[in-house]
Protein chains: 2
Amino acid sequence: MTETLSPPHRAGPGAPRQAAEAAILAAAERVFGRHGFRGASMNEIAREAGVPKPNIHYYFGTKEELYRSVLENIMTFWLQDADYWLVPERQAQEGFEGYIRAKMAFSRERPDASRIFAYELLQGAGNIHHYLSTTLREHVARRARTFDVWRTERQMPAIDPTHLMFAIWSMTQAYADMSTQMTALTGHAVLRDVDFEAGLQTILRLVLGFCNDIEDRG
Amino acid sequence: MTETLSPPHRAGPGAPRQAAEAAILAAAERVFGRHGFRGASMNEIAREAGVPKPNIHYYFGTKEELYRSVLENIMTFWLQDADYWLVPERQAQEGFEGYIRAKMAFSRERPDASRIFAYELLQGAGNIHHYLSTTLREHVARRARTFDVWRTERQMPAIDPTHLMFAIWSMTQAYADMSTQMTALTGHAVLRDVDFEAGLQTILRLVLGFCNDIEDRG
DNA sequence: GTCTATACGCTGATAGAC
DNA sequence: GTCTATCAGCGTATAGAC
């Protein structure tokens, strides 16, 4: 799966190489997450990874190839939760709650990954356009089928599935992407458990409350 | 108001100067909106504004000072809608609907401004931290008082006002900041009126539906 | 006031010693 | 395979002619 954008020199696996590559990818995720693609420098990534700068080029080729490797890691991670939670076999309430909790956990545990995705979208998503219009599109289509089942079972009202998913993504990812705004408002230096919990409860009330609107609509 | 970060040389008003400054600010908003602060180049701004590059430095000083001028324009704009719509004198439903419509209109009409704000938050908000912890904080405090009145009048349930505002901002701004994701999903080249309308209806149902939850909670 | 020409730092990337 | 030393190019910013 991660072979599609492999380094230019793929001689052998080699334990030291794997360790260096992992360190570089982890450092790259942090640095790209702080500054975006253009703002990040190979120097800073090398320093943070604890390797000489040329080694990064040796392992990953260009800066853009390194960046795309990082993006790929994030993309695969990003989809998993929905296939687990937003499936017709579950109850709607349970599915939405589990999914929203998972998305909030992602914002808390991998904020840099979320920010890299946000930067990429702001830049115009040139590096992931194919992924968005194929993989993510099918991903949303599966959610549409799930919502359709739930609607016929009167577990939720009819709604545009794309825009509903969009709303959930934006609300949950804001706790990573726009955390600076929230910390300035709360006065906390960083977002704490209590902030994530309050945000989670707010989002849950909006989305689960919507599901319960079924009665008002006949 | 916009005097706080004035150009280094403020000899006289002068009609040609004002025209050039306006062209530069407009071009800067577009270019910063596309690439963020680091990714934008003075060359590109100068070309897009139709002025020689040194003139920008002459009028605005450094790149960072130009950037802060653009940010200031955006900030003042950003607050206006809430003071008009989210006030106790209105009905809750009317207030939320008007506010959300205004925020969606902002995403449609000034997407670059919305993106610049998003970039700035992703970068850590170093240029607007003071603004966030003073002006925006008081702004949210006023919303909290409005929601308090509405709650006592049984127009909406109790909720954490900061997180509710955060949710509304993230959902509406996503139609500017993450529009690439939406266009890839819809298949449209750019977001069209029908997309903004569908998004608006989705957000309205989430938020207005929440207000109606008052009955279930006693 | 305005703009051409230029200085100079920092970037990504590589050549070549080990 | 690994890393020191270095290059070419683009970035911001300014000196100085007009």
Side-chain angles (χ1 to χ4, degrees), chain A residues 5-25 27-32 34-71 116 119 123 126-127, chain B residues 5-25 27-32 34-71 116 119 123 126-127:
Chain A
L5 283 173
S6 44
H9 310 84
R10 176 64 82 172
R17 174 184 208 118
Q18 283 190 359
E21 281 186 1
I24 292 167
L25 282 173
E29 182 169 309
R30 289 195 299 274
V31 176
F32 283 132
R34 283 202 296 269
H35 306 298
F37 177 71
R38 291 280 289 267
S41 85
M42 299 297 270
N43 256 318
E44 187 175 354
I45 296 173
R47 190 177 350 115
E48 195 135 332
V51 304
K53 183 170 63 162
N55 290 28
I56 303 183
H57 287 290
Y58 181 73
Y59 289 142
F60 289 93
T62 68
K63 180 187 183 183
E64 188 169 344
E65 285 167 334
L66 170 62
Y67 175 67
R68 291 171 74 96
S69 296
V70 173
L71 266 183
I116 289 172
Y119 272 120
Q123 296 280 4
N127 293 288
Chain B
L5 283 174
S6 44
H9 311 82
R10 175 65 81 174
R17 176 186 205 119
Q18 284 191 358
E21 281 186 1
I24 291 167
L25 282 173
E29 181 168 307
R30 288 195 299 273
V31 177
F32 282 132
R34 282 201 297 268
H35 306 297
F37 176 71
R38 291 279 290 266
S41 85
M42 299 297 270
N43 255 318
E44 189 175 353
I45 295 173
R47 188 176 353 111
E48 195 135 333
V51 304
K53 184 170 63 163
N55 290 27
I56 304 183
H57 288 289
Y58 181 71
Y59 290 142
F60 290 93
T62 69
K63 180 186 183 184
E64 188 170 342
E65 283 166 335
L66 170 63
Y67 175 67
R68 291 172 74 98
S69 296
V70 172
L71 266 182
I116 290 173
Y119 272 119
Q123 295 281 4
N127 294 288

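Reminder, nothing fancy here: chain letters follow the sequence lines and each chain counts from 1. Only this structure's heavy atoms are used, side chains among them; waters, hydrogens and symmetry mates stay out.
Listed pair B:Asn55 / C:dC3 meets the phosphate criterion, a side-chain N or O lying under 4.0 Å from OP1 or OP2. Close to C:dT2, at under 4.0 Å from its OP1 or OP2, lies no side-chain N or O of B:Tyr58. Within the 4.0 Å cut-off from OP1 or OP2 of C:dT2, at least one side-chain nitrogen or oxygen of B:Tyr59 is found.
In this structure, NE2 of A:His35 is placed 15 Å from P of C:dC10, rounded to the nearest angstrom. Per the geometry, CD belonging to B:Glu44 stands 15 Å off C1' belonging to D:dT12, to the nearest Å. Between the CD1 atom of B:Ile45 and the P atom of D:dA13 there is a distance of 11 Å, given to the nearest Å.
Rounded to the nearest 0.5 Å, atoms CZ (B:Phe37) and CD (B:Glu64) are 5.0 Å apart. A distance of 10.0 Å separates CD1 in B:Ile45 from CZ in B:Phe60, rounded to the nearest 0.5 Å. Rounding to the nearest 0.5 angstrom, the gap separating the CD1 atom in A:Ile56 from the CG atom in A:Leu25 is 10.0 Å.
Between A:Glu48 and A:Arg34 a salt bridge is recorded (basic side-chain N to carboxylate O distance below 4.0 Å).
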5' to 3', nucleotides 12-18 of chain C under a 4.0 Å protein heavy-atom cut-off (B base, S sugar-phosphate only, - none) gives BBB----
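Under a 3.5 Å cut-off, the side chain of A:Tyr58 and the backbone N or O of A:Lys53 do not form any donor-acceptor pair. In terms of modelled atom types and a separation under 3.5 Å, the side chain of A:Glu65 and the main chain of A:Thr62 share a donor-acceptor contact.
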